[in-house]
Enquirer: 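Supplied in structure tokens, the structure appears directly below.
Numbers restart at 1 for each chain; the letters A, B, ... are given by sequence-line order, proteins then strands. On a predicted model such as this, the values are computed, not experimentally measured, just so you know.
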Number of protein chains: 2
Amino acid sequence: MAKFKLDDIDHQILDILIDNSRTAFTDIAKRLDISAGTVHVRVKKMEEAGIITGSSLSLDYKKLGYSFIAYVGVFLQKTSQTKFVLERINEIPFVTVAHVTTGKFNIFCKIRAKNTEHAKKIIFMIDDIEGVYRTETMISMEESLNDKKRLMHSIFKELQ
Amino acid sequence: MAKFKLDDIDHQILDILIDNSRTAFTDIAKRLDISAGTVHVRVKKMEEAGIITGSSLSLDYKKLGYSFIAYVGVFLQKTSQTKFVLERINEIPFVTVAHVTTGKFNIFCKIRAKNTEHAKKIIFMIDDIEGVYRTETMISMEESLNDKKRLMHSIFKELQ
DNA sequence: GGTGAAAGCACCGAGTT
DNA sequence: AACTCGGTGCTTTCACC
């Protein structure tokens, strides 16, 4: 995992694409006062280097009726069951991310559900996995996502 | 927050764009055997309805030297300080998401750092915020992101 | 609500400096 | 490594269904 050397132009291109990945390269070129070909080549290089791994849509899950977010900490009977249980957890589509953690829990995951009723079903599915001793749930009452651009900006400063 | 009625075509368009938001509309049109104009109109409608809130790049933070992920649970001296502390936490660029939660912690956040040394600094910054009583950290040793398409598929089935 | 056509742009590789 | 340029292909609108 070698670090890739990003210069200021790369950084500014990323900044724009993080905000809107469908921005036309000619538009980026105009804003940065470089040619569209340069934007194209640099994006391609960052893709080849594996810095840019893809592009995706941001969706409003609340508008789709999925406004419930919770974190579920999982305690296992034996640590050796981690891999098996993690695989079962990842089969549940309403689990958006799962981690193997140190500290209190063995596994830690985030779920997205319609409501408390639905969340209960999902948590019971996790509880029912062979090897799970018990779970502990934290319900999110308010989520605030941080700006990806600000993280990128801090990373960029460090890379200089 | 009214639910938007998505039909099968909308769903398939989302499926493709979730995977790669730069997919050309003509390409989507060919795959779904509809016209490019239709793809264009439907995406626009989903944007106007607020279902699609934007598009972004996926970056490999490990390649940029940021491979450390941890979750930090925050205990407050008084619940009334929640808003103030949340705002201070959100000012730290290495905090990627923060939640107000029920259960064990008052606030719960995810951080991304270079290494343990760097993470320690970030956690100390949180500890130092006025009103924070103490924190509890869980270090992620392995992260597995779930496929957004699978969640979308489950949501779509429910919407019918 | 969908289509096909058409004008205007964008993409992206080749050749040049 | 960046620029220009041009063929090919994409976007977006609109009259029509």
Enquirer: Using salt bridge (Lys or Arg N to Asp or Glu O under 4.0 Å) as the criterion, list what pairs up with A:R22, not counting sequence neighbours.
Expert: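 A:R22: no salt bridge (Lys or Arg N to Asp or Glu O under 4.0 Å) contacts found.
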Enquirer: Going by side-chain heavy atoms closer than 4.5 Å, which hydrophobic residues are tied to A:I139, directly or by a chain of links?
Expert: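 A:F68, which link up through side-chain heavy atoms under 4.5 Å apart, make up the rest of the cluster.
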Enquirer: To 10°, what angle do the rotation axes through the five end pairs on each side of the helix from C:dG1-D:dC17 to C:dT17-D:dA1 form?
Expert: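 Result, rounded to 10 degrees: 20°.
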Enquirer: Please report the shortest heavy-atom distance between A:L57 and B:K148, naming the atom on each side.
Expert: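 Minimum heavy-atom separation between A:L57 and B:K148: O-NZ, 2.8 Å.
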Enquirer: Mind checking which nucleotides bracket the chain A contacts on DNA chain D, 5' to 3', with an atom under 4.0 Å from a heavy atom?
Expert: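 Nucleotide range in contact with chain A: D:dA1 to D:dT11.
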Enquirer: Can you pull the side-chain hydrogen bond (donor to acceptor under 3.5 Å, both in side chains) pairs that have at least one residue in residues 88-98 of chain A, sequence neighbours excluded?
Expert: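 Only A:R88-A:E91, A:N90-B:S144 qualify under side-chain hydrogen bond (donor to acceptor under 3.5 Å, both in side chains).
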Enquirer: Can you sort out which residues in residues 10-29 of chain A have a heavy atom within less than 4.0 Å of DNA chain C? Ascending by number, please.
Expert: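 The answer is A:A24, A:F25, A:T26.
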Enquirer: For A:E142, what residues pass the side chain to side chain donor-acceptor pair (under 3.5 Å) criterion, not counting sequence neighbours?
Expert: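 Partners of A:E142 by the side chain to side chain donor-acceptor pair (under 3.5 Å) criterion come out as none, since no residue qualifies.
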Enquirer: Taking only residues two or more places apart in sequence, or in another chain, which ones meet B:T135 in a side chain to side chain donor-acceptor pair (under 3.5 Å)?
Expert: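 B:D127.
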Enquirer: Of the options B:N106, B:L86, B:V85, which is the one that meets B:V100 in a side chain to side chain contact (heavy atoms under 4.5 Å, CB included)?
Expert: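 In the set B:N106, B:L86, B:V85, the residue that makes a side chain to side chain contact (heavy atoms under 4.5 Å, CB included) with B:V100 is B:L86.
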Enquirer: Under the side chain to side chain donor-acceptor pair (under 3.5 Å) test, which residues partner B:T82, sequence neighbours left out?
Expert: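 Per chain and number, B:T82 pairs via side chain to side chain donor-acceptor pair (under 3.5 Å) with no residue.
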Enquirer: Return the orientation label for the A:F25 and A:H40 ring planes: parallel under 30°, perpendicular over 60°, tilted otherwise.
Expert: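 The rings of A:F25 and A:H40 sit tilted, inter-plane angle from 30° to 60°.
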Enquirer: Fit a plane to each ring of B:H153 and B:H11, take the angle between them on a 0 to 90° scale, and name the class: parallel (under 30°), tilted (30 to 60°) or perpendicular (over 60°).
Expert: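 Taking B:H11 first and then B:H153, their aromatic rings sit tilted (interplane angle of 30° to 60°).
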Enquirer: Linking I/L/V/M/F/W/Y whenever any side-chain heavy atoms sit under 4.5 Å apart, do B:I126 and B:L76 land together?
Expert: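 Hydrophobic grouping puts B:I126 with B:L76.
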Enquirer: Mind checking which nucleotides bracket the chain A contacts on DNA chain C, 5' to 3', with an atom under 4.0 Å from a heavy atom?
Expert: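 Counting from the 5' end, contacts occupy C:dA10 to C:dG13.
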Enquirer: Any carboxylate oxygen within less than 4.0 angstrom of a Lys/Arg side-chain nitrogen, looking at A:K114 and B:E158?
Expert: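 Salt bridge between A:K114 and B:E158, a charged N being under 4.0 Å from a carboxylate O: yes.
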Enquirer: For residues 35-46 of chain A, which residues have at least one heavy atom under 4.0 Å from DNA chain D?
Expert: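 The stretch gives A:S35, A:T38, A:R42, A:K45 as the residues lying under 4.0 Å from the strand, ordered by number.
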Enquirer: Angle class for the A:F94/A:Y66 ring planes (parallel below 30°, perpendicular above 60°, tilted otherwise)?
Expert: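 Judged by the thresholds at 30° and 60°, the geometry between A:F94 and A:Y66 is parallel.
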Enquirer: What pairs with A:D27 under side chain to side chain donor-acceptor pair (under 3.5 Å), at least two apart in sequence or on another chain?
Expert: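 Side chain to side chain donor-acceptor pair (under 3.5 Å) list for A:D27, sorted by chain: empty.
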Enquirer: Is the shortest distance from a Lys or Arg side-chain nitrogen in A:E143 or A:K62 to a carboxylate oxygen in the other one below 4.0 Å?
Expert: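 Answer for the salt bridge query: no.
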